[in-house]
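Letters A, B, ... mirror the listed sequences (proteins, then strands); counts begin at 1. Quantities reported herein were computed from a predicted structural model and do not represent experimental measurements.
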There are 2 protein chains.
Amino acid sequence: MTALDAPRKPYDIDSLTDVALRVFAERGYDGASMDDVARAAGITKASIYHHVSGKEALLERGLGRALDALFAIIEEPEAREGRAIERLRHIVARVAETTLQLLPELTVLFRVHGASKSEREAVERRRAFDRHVTEIIAGAQRDGDVRRDLDPRLASRLIFGMSNSVVEWYRSGTLSRETIARAVVAIAFEGIAARRG
Amino acid sequence: MTALDAPRKPYDIDSLTDVALRVFAERGYDGASMDDVARAAGITKASIYHHVSGKEALLERGLGRALDALFAIIEEPEAREGRAIERLRHIVARVAETTLQLLPELTVLFRVHGASKSEREAVERRRAFDRHVTEIIAGAQRDGDVRRDLDPRLASRLIFGMSNSVVEWYRSGTLSRETIARAVVAIAFEGIAARRG
DNA sequence: GCGCCCCTACCGAGCGTTCGGGCGGGGAAC
DNA sequence: GTTCCCCGCCCGAACGCTCGGTAGGGGCGC
C-alpha cells in the first residue's frame with residue numbers, strides 16, 4: 001500500500017467510464033478530449049487504451065448504463081400494476097430520482113443526437129421508452145384521470161423534458177434529490193397554480 | 001437579372017448566421033465544422049471568412065438573437081403590468097412561442113455551457129432572465145396564486161426546462177406551434193391531471 | 001524473469017484560419 | 001461606345017494546431 005498520497009485507483013473499465021462520463025457531462029462529448037479524460041483519471045492518454053478500445057466505447061458504456069437504469073424503472077411492479085395514472089406517477093418520480101442519482105450518465109444520454117452508430121442505437125432505445133410511457137398516458141386519459149385536451153405524446157415529451165432538464169443545472173447542494181423529484185411530480189400532475197377552495 | 005437557375009444568394013452576415021445556426025443546431029457547435037456550414041450555404045469555407053471573422057462570431061450572433069428575443073418578452077406590457085400570476089402566464093406562453101419561432105437560435109442557446117467567452121456571457125444573460133422570472137414567481141406565491149410548497153427558483157427552472165425541451169424534438173409538421181405553447185402553459189399551471197368536479 | 005500496466009514519443013487526419021489570386025461587373029476616362 | 005481598371009466576392013491550397021489512436025520501451029510486483 002502506497003500510503004502516501006495516491007489513492008491508487010483501480011483503473012478498470014468501469015472506473016474509467018465513471019471518470020469519462022463526468023468529463024463528457026462537463027465539456028460535452030465532442031468538446032471533451034481523451035487527454036481531458038486522462039488528466040481527470042490521473043493517467044496518460046495512451047494508458048486508457050490499455051483498458052478500453054476508444055472514446056466511443058466509453059460513450060457506449062455510459063449510454064448503456066443510463067438506458068438500463070431507465071428500462072429497469074418500467075419493470076418495477078409499481079410501474080406494471082394498478083391504475084394507469086398511478087403507474088405514471090411512479091415512473092415520473094423514479095425517472096427524476098434516477099436522473100439525479102446517475103447524473104453524468106443521463107446528462108450524456110439526454111444530449112445525444114445520433115451522430116454515430118452507438119448514439120443512434122441509444123436514440124432508438126430512448127424512443128422505445130417514450131412510446132411505452134405515451135401508451136400509459138393514453139390509458140390514463142381513457143380512464144378519465146388525465147385531461148383530454150392534451151396529446152399523450154406531447155404530454156410525455158413535455159413531462160420528461162421538464163424532468164430531464166435537471167441535468168442542466170443540478171449540482172449536489174442546497175436542494176435535496178427528494179425535493180426536486182417531488183416538485184417534478186407535483187408540477188407535472190397538478191401544476192404550480194394554487195388550488196382554489 | 002440572371003433568371004436562369006441560381007437563386008443568387010445574398011451571402012451577408014445575417015444569412016450566413018441563419019445557415020450556421022441550422023448546422024449548429026443539428027450537429028452541435030463543437031460537432032459542426034466550418035466546412036459543414038460552408039456546404040450548407042453553397043459556398044467555400046474560405047469565403048465565409050470574407051463576411052464573418054470566424055466560427056465563434058457566428059455563434060455569438062446567434063446567441064445574441066436568442067437572448068434579445070427573450071428579453072424583449074419581459075419588456076412587453078403584459079409582462080410588466082397586472083397580477084404576478086398573469087404576467088407569468090404571459091411570459092411562459094410567449095417564451096414557448098418564441099422558442100418555436102426562433103428554433104435554431106434557441107436550440108443553440110439552450111445547449112451552451114460556458115466554454116468560451118461569448119458562451120459565458122450568454123450564460124450570464126440567461127441567468128439574469130431566470131432571476132427576473134423567479135422574482136415574479138415569488139410574487140405570485142405571496143399573492144397566494146402559486147402553491148407554497150414549491151421553491152420559486154426550482155419552479156422557474158422546471159417550467160423553462162419543460163418549455164425549452166421542445167428544441168430537442170420539434171420539427172415543423174403534425175403539431176402546430178399554438179398547440180404546443182398552450183400545452184406548455186397548461187401543464188406548467190394546472191398539470192396533466194383531470195380536474196375533479 | 002515474466003507479465004501486466006503505464007509511460008514517452010509519435011502518427012495521420014481533420015480542424016479553424018489565412019493567403020494570394022482569379023473572376024466579373026460597374027464606373028471613369030477618352 | 002469602347003477601354004481599362006478597380007474592387008467586391010469567391011476560390012484552391014496550405015498553415016499551425018489539436019485530435020483520437022498507435023508503437024514500443026521500462027519498471028514494478030509476483
Side-chain angles (χ1 to χ4, degrees), chain A residues 1-63 108 112 115-119, chain B residues 1-63 108 112 115-119:
Chain A
M1 307 217 184
T2 60
L4 256 172
D5 53 333
R8 196 54 186 168
K9 305 269 176 61
Y11 287 142
D12 58 356
I13 313 185
D14 283 323
S15 65
L16 285 177
T17 303
D18 288 341
V19 174
L21 285 170
R22 281 198 296 271
V23 175
F24 292 167
E26 197 174 282
R27 300 243 224 281
Y29 178 71
D30 286 325
S33 73
M34 289 297 270
D35 258 328
D36 291 331
V37 177
R39 215 170 303 124
I43 208 177
T44 313
K45 182 176 61 162
S47 302
I48 295 179
Y49 288 87
H50 182 75
H51 301 282
V52 299
S53 64
K55 191 185 183 185
E56 194 167 348
L58 289 170
L59 176 65
E60 197 170 350
R61 287 186 73 88
L63 294 176
V108 171
V112 146
S116 65
K117 207 191 72 174
S118 42
E119 293 190 24
Chain B
M1 304 213 185
T2 62
L4 258 172
D5 54 332
R8 197 54 185 166
K9 305 269 178 56
Y11 286 142
D12 58 354
I13 314 186
D14 283 323
S15 65
L16 285 176
T17 304
D18 288 341
V19 174
L21 284 169
R22 281 198 297 271
V23 175
F24 291 166
E26 197 174 282
R27 300 244 223 280
Y29 178 72
D30 285 324
S33 73
M34 288 298 270
D35 256 328
D36 292 331
V37 177
R39 215 171 301 123
I43 209 178
T44 312
K45 186 173 56 162
S47 302
I48 296 180
Y49 287 86
H50 181 75
H51 301 282
V52 298
S53 65
K55 190 184 184 186
E56 194 167 349
L58 289 169
L59 175 65
E60 196 170 351
R61 286 186 74 88
L63 295 177
V108 171
V112 145
S116 65
K117 207 191 74 176
S118 41
E119 293 191 23

> What nitrogen or oxygen pairs link the protein and nucleotides 10-13 of chain C at under 3.5 Å?
none

> Is the phosphate of dC6(C) approached by Ser47(A) (side-chain N or O, under 4.0 Å from OP1 or OP2)?
no
> Identify all pairs in which a protein N or O lies below 3.5 Å from an N or O of nucleotides 19-21 of chain C, and state each distance.
none

> Which is true for Ala32(B) with a 4.0 Å heavy-atom rule: it touches a base, it touches only sugar-phosphate, or it touches nothing?
sugar-phosphate
> Could you tell me the separation between the CG atom of Asp30(B) and the P atom of dT18(D), rounded to a whole number of Å?
15 Å
> Quick one: list whatever passes side-chain hydrogen bond (donor to acceptor under 3.5 Å, both in side chains) with Arg61(B), sequence neighbours left out.
Asp14(B)
> If you compare every side-chain N and O of His51(A) against the phosphate oxygens of dC4(C) (OP1, OP2), does one of them come in below 4.0 Å?
no
> Which heavy atom of Lys55(A) sits nearest a heavy atom of Ala32(A), and at what distance?
NZ-O, 2.8 Å
> Under 3.5 Å, is there a donor-acceptor pair linking the side chains of Asp36(B) and Ser33(B)?
yes
> Taking only the side-chain heavy atoms of Tyr49(B) (C-beta and beyond), determine which of dT17(C), dG21(D), dT8(C) contains the nearest atom.
dT17(C)
> With respect to the side chain of Ser33(B), which nucleotide from dG20(D), dG16(C), dC6(C) is positioned closest?
dG16(C)
> In the structure I gave you, are the side-chain heavy atoms of Leu63(A) and Glu60(A) within less than 4.5 Å of one another anywhere?
no
> Answer yes if the side chains of Ser15(A) and Asp12(A) hold a donor-acceptor pair under 3.5 Å, and no otherwise.
yes
> Over how many whole Å does the gap from Asp12(B) atom CG to dG8(D) atom P extend?
16 Å
> Round to the nearest Å and state the distance from Arg27(B) atom CZ to dG14(C) atom C1'.
14 Å
> Whole angstroms only, please: what is the CD-P distance between Glu56(A) and dG20(D)?
12 Å
> Going by the angle between their ring planes, with limits at 30° and 60°, are Tyr11(A) and His51(A) parallel, tilted or perpendicular?
tilted
> For dC9(D), does either OP1 or OP2 sit under 4.0 Å from a side-chain N or O belonging to His50(B)?
yes
> Looking only at side-chain atoms of Lys55(A), point me to the closest of dC6(C), dG20(D), dG8(D).
dG20(D)
> Roughly, in whole Å, what's the span from CZ in Arg39(A) to C1' in dC7(C)?
16 Å
> Counting side-chain heavy atoms from C-beta on, which of dC10(D), dT17(C), dC7(C) comes nearest to Met34(B)?
dT17(C)
> Would you mind reading off the distance between Asp35(B) atom CG and dA13(D) atom C1', rounded to a whole angstrom?
13 Å
> Without decimals, in angstroms, what is the distance between Ile48(B) CD1 and dG12(D) C1'?
15 Å
> How close do Glu56(A) and Ser118(A) get, counting heavy atoms only, and between which atoms?
OE2-OG, 2.7 Å
> Would Tyr29(B) and Asp30(A) count as a side-chain contact (heavy atoms from CB on, under 4.5 Å) here? Give the steps.
CA-CA 9 Å; Tyr29(B) 178 72; Asp30(A) 286 325; over 6 Å; no
> Could you tell me how far apart Leu58(A) (CG) and dG20(D) (P) are, to the nearest whole angstrom?
11 Å
> Minimum heavy-atom separation for Phe24(A) and Leu59(A), please, with both atom names.
CE1-N, 4.0 Å
> Given side chains that start at C-beta, do those of Val23(B) and Arg39(B) come closer than 4.5 Å, heavy atoms only?
no
